[in-house]
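What follows is one structure encoded as structure tokens, with my remarks underneath.
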Amino acid sequence: MADALAAVVARLYSAPPEDFIALRGEAVAKARSARDTALAGAIGKLRKPTVAAWLVNRLAHERPDLVAELLELAEQLRAAQRELRGADLRELSVRRRSTVAALAREAVRLAGRGPGGNLPVTEVEATFAAALADTEAAAEVRAGRLTKALEYTGFGETPRPSLRLVQGGAPPSATVTPIRSAPDESEKERRAEARRREEERRRAEEEHARLVKQARKELMTALQQVADAENAKAEAERAVAAAEKAVKQAEKRVRIAQDALTDLG
């Protein structure tokens, strides 16, 4: 049943949302006519996707190679975050924005509704960004059966604290437990000093983990600001180019009008 269900999922979630209910009904009827009640029940439970989810699903089914590239970039980002490689993180953050934008454009193209189709591109980009930041979101995007857009507001992986295995002493005897004499003052002092040092070590590790987490968050925020600034710069440059083109076109129209007036004179 798994292969048959996968084929139905690919067809339903690649089709426009307005066709989903009818196509699902046809698939359920076909499964029932084949006396496959389990498949019919599984198909009947499939939920209609939003337009944004459909765009992502269609890309996942028709261009799995692009989704694979997105998830490869996600792994590179996670590795750079874990190892705090600032230079790599900066480069990868820029790639993240360009990759998300490129995938969103391709999803819109596959939809075949043109750039003026009033499609939720922002939600599509947010879903791809979530797949870059979260492994569960990445698995959902790869599966191509989203019912709604995804969103992620964190900064990537949380640093894992360093754990140390504390070995206990020898197991107690199964037969005789010796009666120990009360510790003398010097033994009490040694134990108290050991407890104090252990407490200081624990606090130092906690403080170190806190500082690493804070530094990583600040680094990711700064990298995001750099990527936003570079994106704004690119958009400004495109706007200037468009304005210059408009000026040239306007100057050309003025010349044509002046020539026409000269001919009339």
Side-chain angles (χ1 to χ4, degrees), residues 2-28 42-79 81 92-157 220 223-224 227-228 231 234-235:
D3 292 341
L5 180 60
V8 172
V9 165
R11 186 162 65 95
L12 292 184
Y13 285 97
S14 296
E18 57 268 25
D19 297 337
F20 183 87
I21 301 299
L23 291 174
R24 184 182 62 185
E26 293 174 4
V28 170
I43 296 172
K45 293 178 181 179
L46 298 175
R47 300 274 70 86
K48 177 182 176 180
T50 64
V51 174
W54 162 61
L55 291 170
V56 176
N57 291 337
R58 190 179 183 98
L59 181 79
H61 290 296
E62 296 193 16
R63 293 298 307 273
D65 56 316
L66 295 182
V67 174
E69 290 177 8
L70 178 75
L71 302 189
E72 181 180 352
L73 175 59
E75 181 55 38
Q76 293 175 8
L77 275 165
R78 282 191 289 273
Q81 289 172 13
L92 291 170
S93 294
V94 174
R95 279 182 56 196
R96 178 182 66 84
R97 291 186 65 86
S98 62
T99 300
V100 165
L103 262 63
R105 287 194 300 270
E106 179 64 10
V108 170
R109 188 192 69 79
L110 291 173
R113 299 189 179 185
N118 195 27
L119 297 173
V121 177
T122 301
E123 294 180 35
V124 173
E125 291 180 342
T127 300
F128 289 135
L132 281 170
D134 183 77
T135 54
E136 291 184 4
E140 292 184 40
V141 168
R142 185 197 291 271
R145 53 184 298 178
L146 295 173
T147 57
K148 61 182 180 180
L150 304 177
E151 185 177 8
Y152 185 80
T153 57
F155 290 91
E157 292 188 329
M220 293 304 298
L223 289 170
Q224 183 66 54
D228 290 342
N231 188 57
E235 290 178 356

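Between Y13 and W54 the shortest heavy-atom distance is O-CD1, 3.5 Å. When all heavy atoms of A52 and E123 are compared, the pair lying nearest together is CB-OE1, 3.5 Å. Nearest heavy atom pair, residue A131 against residue A138, reads O-CB, 3.4 Å. Of all the heavy atoms in V121 and A104, the pair that sits closest is CG1-CB, 4.1 Å. T127 and L150 make their closest contact through OG1-N, 3.0 Å (heavy atoms, listed as atom of the first residue, atom of the second, distance). What you find for L71 and R142 is that their closest heavy atoms are CD1-NH2, 2.9 Å.
Around CD of E75, the count of heavy atoms belonging to other residues, nucleotides or ligands within 6.0 Å exceeds 12.
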Test R11 against L23 for side chain to side chain contact (heavy atoms under 4.5 Å, CB included), laying out the working first.
CA-CA 9 Å; R11 186 162 65 95; L23 291 174; 3.7 Å; yes
How far apart are the C-alpha atoms of L73 and Q76, what are their side-chain angles, what is the distance that settles it, and do they pass the side chain to side chain contact (heavy atoms under 4.5 Å, CB included) test?
CA-CA 5 Å; L73 175 59; Q76 293 175 8; 4.0 Å; yes
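Residue N57 is tested with S14, P17, P49 for a side-chain contact (heavy atoms from CB on, under 4.5 Å); the sole match is P49.
Note: R24 CZ to K48 NZ = 9.5 Å, rounded to the nearest 0.5 Å. Atoms CG and CG, from L77 and L92 in turn, are 5.0 Å apart once rounded to the nearest 0.5 Å. The structure places CG of L132 at 10.0 Å from CZ of R95, a figure rounded to the nearest 0.5 Å.
The shortest side-chain heavy-atom distance between R97 and E125 does not fall under the 4.5 Å cut-off. Annotation: side chain of L46 is in contact with side chain of R145 (closest heavy-atom distance under 4.5 Å). Annotation: side chain of L55 is in contact with side chain of P120 (closest heavy-atom distance under 4.5 Å). Counting heavy atoms from C-beta on, the side chains of E106 and L59 come closer than 4.5 Å.
Side chain of T99 to backbone of R96: no donor-acceptor contact under 3.5 angstrom is found.
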